[in-house]
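Here's the structure we're looking at; comments come further down.
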Amino acid sequence: MTNPTTDLVALEQRLSVILSDLRASDSVASWQEIEVISRTLANVDSHSILGETALPRTLASLLALALHESSTPDDQYTSVVFELLRVAANLCMDHDENRGRLLETGFPQAIVSLLEGYAESLPPPSHTRVLELSIPHLRVIKTSIGALLNASIGYDPVRFRLISLEAPLTILKLSTAIYSTGYWYSASTNGPRSAVGDEDEWILRSGLSNWAWLTLSELKDVKDDTLPVLTSDFLPLLVQPLSAFLPDASHPRPLFDEGSELLSDLIDADLENLSESCMLIESLALDVDDMRVSLARGLHSPMEHNDIPCLSIILDFIEQASYPISWTYAALDETDRKHKEKTFNICKAALIKAVVEVAGEDRNADILWDDSKSEMPGGDFVHKMVDWLKRYVKDLDTPGSEDSSGTQSVFDREDMVICASLSLGNLARQERKSATLVSPPYSLVPILTSKHLLSPLTDIKVKHGVLGLLKHLAQTAPSSTVIHNALREAEIVRKIVESGVWDEKGDVMADVVQLSAIGVVKHMAGANVEHVYALVLPSAQSPELPTGLNQILSLVKRSDSVPIKSEGSRVLVNIVRALRGSKPFATTSDAAASGSVDRNAQEKQKKHNAALRMVITPESALVLTRLVGASGKYPLLVNEGLVALTMFSMSKEGALLVLDALTAPLGLDLPIDSPLDSLTANDLSVSSPSKSRVHLNTPRHPLDMLMFALKNVDNPANFPSEVRANVCSFFIQLTKLTHGDKLEQVKEAIRPVLESLLGSSAVEERLENALRRLLEAWL
C-alpha cells in the first residue's frame, strides 16, 4: 500500500527538481506540471510534514520565477501563480511554525510586492468604476490576500512585517478599486459589458473585498505604538463606500435578477464595506490625534486627501444617506431587513462620534472655525451645524413641509441635532465663538431653548448635546453681555427647570445630562440675580412644578453621583452669594428720604425677599454644611461652602439653621479602627483635641471638617491660610446671631485648636490675626 506521506514528500521533491530545471531553462510543460502538483498540495491537510521539507523555500523561488522579472504575472502564468499561493495559504493555516518558515523565505513579502504591482495601475480614488481585470488575475489577488490572512492570524512576526511594508494600505487600495461599493447597482446597463461583468466575476470581487477586511482587521489589532497600522492615507479609501449610500437622482435598477441570491450577497458586501469603513473612521477619530487634525484640515485644503473631501463626505452621509433603494429589490425577510437597518444606523452613529471628536480636538479649534467669510461666520462647518439645528426646529414647527430650497425635512433626524450640538459645544469654548453663535445671523439660543430641543419629551441624547452647548455658552464671563443677554432673553433657567431634566430617570445618560443642566444654572446664578429668582421662585407658567432649587436639592439628596452632589451644592452657593451680595432695591429710609415710593423697586425687593425665604431653609443649610464636610480633598470647595455659609448666617434664622446643621452626621465611611462614636440625641459628639483620633481626615460631621481645616494636619489636601482664615470669619458671623448650649459646645471644641495654633511660630500673620479676632469674639 502506498504511504500518503511518502507521496506528498515525493511531490515536494519533484517540485524542487522542476525548480532546478526551470533555473536552467524555462519550459511551459514544467509550469503546467508545477500547477498540477501545487493543486494537489493545496488540498491536503499535512501541514507539519510539508513544512519540515524544503517546500516553503521552493514556493518562494517558484513564485519569483513565475513572475519572470515582472511585478505581476503574465496571463499564461496566472493559473500556476494562483496554485502556488493556494499551497502557501494552506501550509500556514493554523500553523505558527510554517508561518515562521514562510516568513524566513520572504514569501509574505513577495506577496506584498505582487499586490503592489497590481496597485501601481490604479487610478487615484475615488473610483467611478471598478478596476477591469480578468477573472484569473482577480483570483490571484484574492488568493494573495487570503494567504496573507492565513499567515498573519495571531502571529505577530508576520503581522509586524506586513505592517512595516504598508500591506494594509495596499490591500485596501486594491479592494476598493476591485469592488467599488454600489457600482454593481449604479453602473449603467447600457454601458459596455466589460465594465459590468458577469455574476461569477461579481462573486469573486465581493469575496475579495470580504477577505481584505478580514486581513485588515487582523493587522490593525497589533499592539505596538511604534508601528502605526492606519494613517491619513487611508481616509480617502475609507470614505469611498459612504458615497454609495447617498441619494441617486437617476434611480438605477440592479444589474442582476431581483430576489436572486447574488443580489442579496452584493447588498451584504456593500453593507460590510460601509460598516467596516465607519468603524475604522470612528476608531481613528477616537484614538489618533493626527487623524482628527487631518480630517479637519481636509475641509479647507483639498490636497490633504488628494482632492477627496473626506470630512465633507462624512457630513453628507450623516445628513443625506438612507437605506438604499436596492434593498427593495432583494428578497429580504423582516428579520434581515431590521438587522441591516440597525447596522446602517450604527454606522451613522459611529460617524457622528467621529465628527464630534474631530470638533473636540484642541488643535482643530481654529481649523474648523473659519472667519474668512463675513456672510458665514465660523465658516462652512459651523454654518452646517447651525443649519442642522435650525432646520430640525423649523421642520417640527411645520411637520411635513420642505424649505424653499427643497431640502428634505429633517424632523425625525435627532442624530443630526446630537452631532451639531455636541460639535458646536466643543468649538464654543472661546468667548468670541460663543458670542458668534448667539448673535445674528445665527441667534442660536432661541433654537436651543425651543420646546423641540428642551422639554420633558425631548430625547435624553438630544438634551445631552443641547445642554452641553448651553453650558459652554453660560460659563463665559458675566461681562460678556451679548451672550448673557441672549440667555436671559430666552429665559434659559426657566426652560431648563421646566424640561424635566432633573426628574428621576433610569437612563444611563441621566447623570451626565443632569450635570450639564446643573452647570448651566450654576453659571447663570452666579452671573445675575434675575436668574436666581427664576431658579428659586415658582414658575408663573408652570406653578405646579417644584422650583428649580427644590428639583436640584432633591436630586442631590437621592443621587449617588459625587459630581452631582458637589455641583448641585455649588448651585446653592452661587444662589446664596447672589442674594446676599445684591444691594437692596428699596428701603423704608429711602422712601422717607425721597418723599415718594418707587413701586417698581418695592416689587423687586418683595421678589428678592421671597427668594431669600425660599433659600433660608433647613435643607439648604444641610446641603451647604455637607459640601464643606465632605470636600476635604478639595480646599476650593470647602472655601466656597464657607463663604456661602457665612452669608447664609447673616440673618438670625439662617445662623440658627447652620448651627444645627454643623453637627448633622455626614455618613462618610470611617476607618475600621476609628474610636469615634456616632451622634446621639443627647451628645453633639463635637471632636476635641483631648479625644484620641486615628484618622483626622474622616469627619463625622461638618464641624469636624472645619476643625481639620484649622489644624491642617493629616488632611488629604493642604488648606491655604486664606481658607483657614475664612473658617474664623464664619465662626465670628455665627457668633453674632446665635447663642446657647450648642454654640458653647462649638466654642469648647474649637477654642483649644485656636490656642494651640497661636502658640505656634509657623502661623502666617493673616491667619494669626483671624485667630485672635475669633478668640476675642468668644471672650
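Hydrogens, waters and symmetry mates are skipped; everything else that's a heavy atom, side chains included, is used.
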Inset, instruction - Decide yes or no for D268 and E272: does some side-chain heavy atom of the first lie under 4.5 Å from some side-chain heavy atom of the second? - result: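 Not touching, per the 4.5 Å side-chain cut-off.
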Legend entry - Student check: side-chain heavy atoms of I313 and S243 closer than 4.5 Å: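 In contact.
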Inset, instruction - Take R413 and E319 through the salt bridge (Lys or Arg N to Asp or Glu O under 4.0 Å) test and state the conclusion after the steps. - result: CA-CA 8 Å; R413 294 301 309 279; E319 180 177 0; over 6 Å; no
Inset, instruction - Please confirm whether the backbone N or O of T176 pairs with a side-chain atom of Q240, one donor and one acceptor, at under 3.5 Å? - result: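 Checking the backbone N and O of T176 against the side chain of Q240, a donor-acceptor pair under 3.5 Å is found.
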Legend entry - Check against ring-ring contact (aromatic ring centres under 6.0 Å, His included), F82 and Y77: CA-CA 9 Å; F82 168 67; Y77 295 105; over 10 Å; no
Inset, instruction - Using side-chain contact (heavy atoms from CB on, under 4.5 Å) as the criterion, point out the one residue from V229, L148, L219 that pairs with R159. - result: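 Only one option passes, and that is L219.
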Inset, instruction - Just say parallel, tilted or perpendicular for the rings of F317 and F344, cut-offs at 30° and 60°. - result: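 Ring orientation, 0 to 90° scale: tilted.
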Could [X] and [Y] be called an ion pair, given the rule that one side-chain N must be under 4.0 Å from one carboxylate O?
{"X": "R363", "Y": "D290", "result": "yes"}
{"X": "D387", "Y": "K384", "result": "no"}
{"X": "D336", "Y": "K340", "result": "yes"}

Legend entry - Aromatic Y179 / basic R205 pairing, under 6.0 angstrom, 45° off normal: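 No.
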Legend entry - Close aromatic pair by centroid cut-off 6.0 Å: Y155 and F160: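 Here the rings of F160 and Y155 have centres that are no less than 6.0 Å from each other.
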